[in-house]
Amino acid sequence: MMMIPLRRAFRFYNMKKAIVIGSGAVGLCTAYFLQKEGVEVSVVSASKKGDSDGCSYGNAGMIVPSHLTPLAAPGVIRKGIKWLLDPQSPLYIKPRLNADLISWLWHFIQSSNTRNVQEAGPLLLEMNVESRDLFKSISDKEALNYHYERGGLMMLYKTNAYQDEEEHLAEKAREFGLEIEVLNAVQLRDHENQLEADVLGGVWYKSDAHIVPQRFMEEITDLLVKKGVQFHYDKRIDSIVKENGRIKSIKSLQEEFEADEYILCSGSWSQEMVKTLQINLPIQAGKGYHLHIPSVPLQLKTPSILCEAKVAMTPMLNDLRISGTMEFAGLDLSVNKNRVEGIKNSVDKYFKKFDKNLFNGLIPWAGLRPVSPDGLPYIGRSKSISNLSFNTGHAMMGLSFAPISGKVLSEILLNGRSKINTDRLDPERFN
Ligand SMILES: Cc1cc2nc3c(=O)[nH]c(=O)nc-3n(C[C@H](O)[C@H](O)[C@H](O)COP(=O)(O)OP(=O)(O)OC[C@H]3O[C@@H](n4cnc5c(N)ncnc54)[C@H](O)[C@@H]3O)c2cc1C
């Protein structure tokens with residue numbers, strides 16, 4: 001019989017069984033770390049079994065310690081207003097009189113300041129570096145193969161304005177200890193010799209890594225099943241039963257589920273879910289697209305972001321995934337052809353040998369990033385409901401952050417606190 005040390009047994013006194021709501025990258029990593037500590041975990045998800053359409057499958061696969069600046073930063077509103085006027089630009093906000101959107105925009109504007117950048121930067125870096133290392137250690141320890149590669153990330157620019165901005169950011173990142181190389185046009189043409197980069201220069205963040213997200217999702221799901229985690233697919237939770245300041249159960253149309261602890265990991269749908277509990281969790285869905293080119297004849301060497309176009313390019317084995325745009329249009333997955341054209345029209349401006357015909361016949365994929373107004377996720381316990389916790393709102397870094405967020409949340413639930421200071425991640429900070 002397995003012996004549980006007394007201290008651990010005591011910690012479990014109140015938590016034998018946990019339900020994770022949502023089977024995206026964040027939900028799965030949360031389940032992984034809780035299960036590892038001996039908690040009986042179930043995952044209840046609106047997704048169908050084998051459904052690989054979600055945001056966590058179709059993202060760009062980048063793991064990004066380089067991303068030190070939160071979305072809410074000085075200057076972003078000025079740039080945003082310029083982009084809103086261009087139908088092919090990377091940003092769009094669908095005009096609508098919606099109280100949640102208006103409140104989100106208000107908080108976003110309030111957060112777009114130097115203080116937010118200075119305070120959020122070190123936290124984003126700490127989480128991203130630890131998470132990157134967890135991707136590596138989980139794949140080694142559990143013998144998973146999601147093609148983790150530490151090849152770095154190239155920020156490519158074509159204009160002086162972006163060169164100045166990127167070099168300035170690189171200086172800052174160097175101060176934080178990141179390994180960086182700035183390459184000029186000739187060096188980049190040599191580096192990306194297959195596609196022949198045609199840029200002014202680029203900043204190479206050697207700290208970054210990438211994976212094949214679909215493989216990650218499949219491998220970690222299989223692992224959890226083997227470890228005894230119960231999956232309940234196709235169960236959209238539409239009501240939460242509260243009793244004496246606690247959640248008693250959660251209900252889908254067909255079934256009711258009970259546990260000691262409930263962890264909300266439902267991405268862009270999280271705000272709707274907790275409205276009946278009088279919890280304000282501002283999240284807007286930031287729609288993005290990808291075009292996935294199978295077996296490209298000429299491959300990109302290093303994952304890259306095309307700075308002016310805000311397009312991400314990721315080599316995934318023999319394939320090339322090209323992603324972009326941030327569209328705030330509600331929980332709507334329809335494809336805006338103009339924005340997709342914007343992505344298609346950008347790549348051959350940066351790479352002379354990229355053949356635009358490779359886009360012919362490809363069906364654009366769309367996914368919803370759960371975006372909080374200050375660019376930081378919501379991780380931690382609810383103050384008002386004793387057995388509810390949150391792990392959501394990770395925006396453009398939800399894949400990057402998934403392992404560390406799962407680890408942090410399991411530390412909070414099992415030890416009362418995490419090694420990472422989570423004060424700024426308080427889920428009820430906008431209440
Ligand atoms: C184009 C694009 C590129 C991106 N590139 C990157 C990248 O390179 N690196 C990076 O780190 N991030 C990237 N992201 C962001 C990243 O994909 C997301 O932040 C991440 O997938 C969010 O994961 P999640 O688990 O929180 O949510 P999701 O993956 O959206 O999962 C939410 C889960 O909740 C379930 N759910 C919803 N409502 C309910 C309900 N009522 N009841 C039960 N279950 C429910 C859903 O079925 C789903 O299983 C990108 C996103 C896009 C769109």
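First listed ligand is number 1; within each ligand, the first listed atom is number 1.
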Heavy-atom pairs closer than 4.0 Å: do any link ligand 1 to the side chain of Ala395, the backbone, both, or neither?
backbone
Out of Met396, His290, Arg369, Met217, whose heavy atom is nearest to atom 2 (C) of ligand 1?
Arg369
Classify the contact between Cys265 and ligand 1 as side chain, backbone, both or neither, using a heavy-atom distance cut-off of under 4.0 Å.
backbone
Polar side chain donor-acceptor pair, Asn128 to His67, under 3.5 angstrom
no
N/O to N/O below 3.5 Å, does that happen between Ser45 and ligand 1?
yes
Assess, by modelled atom type and distance only, whether the side chains of Glu411 and Ser418 contain a donor and an acceptor separated by less than 3.5 Å.
yes
With a 3.5 Å cut-off and no angle check, do the side chains of Ser66 and Asp208 form a donor-acceptor pair?
yes
Looking at ligand 1, does any of its N/O atoms fall within less than 3.5 Å of an N/O of Val26?
yes
Under 4.0 Å to a heavy atom of Trp269 - the qualifying atoms of ligand 1, by number
30 (O), 37 (C), 38 (N)
Heavy-atom proximity to atom 11 (O) of ligand 1, best of Ser56, Ser131, Ser400:
Ser400
How does Asp238 reach ligand 1, if at all, at less than 4.0 Å between non-hydrogen atoms: by side chain, backbone, both, or neither?
neither
Tell me if the aromatic rings of Trp365 and Tyr57 count as close, with their centers under 6.0 Å from one another.
no
Short version for Ser266: what comes under 4.0 Å of ligand 1, heavy atoms counted, is both
Proximity to ligand 1 by part of Glu272, non-hydrogen separation under 4.0 Å
neither
Ring centroid separation Phe257 to Tyr262 under 6.0 Å
no
Which bit of Tyr289 is near ligand 1, meaning a heavy atom under 4.0 Å away: side chain, backbone, both or neither?
backbone
Between Phe359 and Phe354, how do the two ring planes meet: parallel, tilted or perpendicular, split at 30° and 60°?
tilted
Salt bridge or not for Glu175 and Lys172, using N-O below 4.0 Å?
no
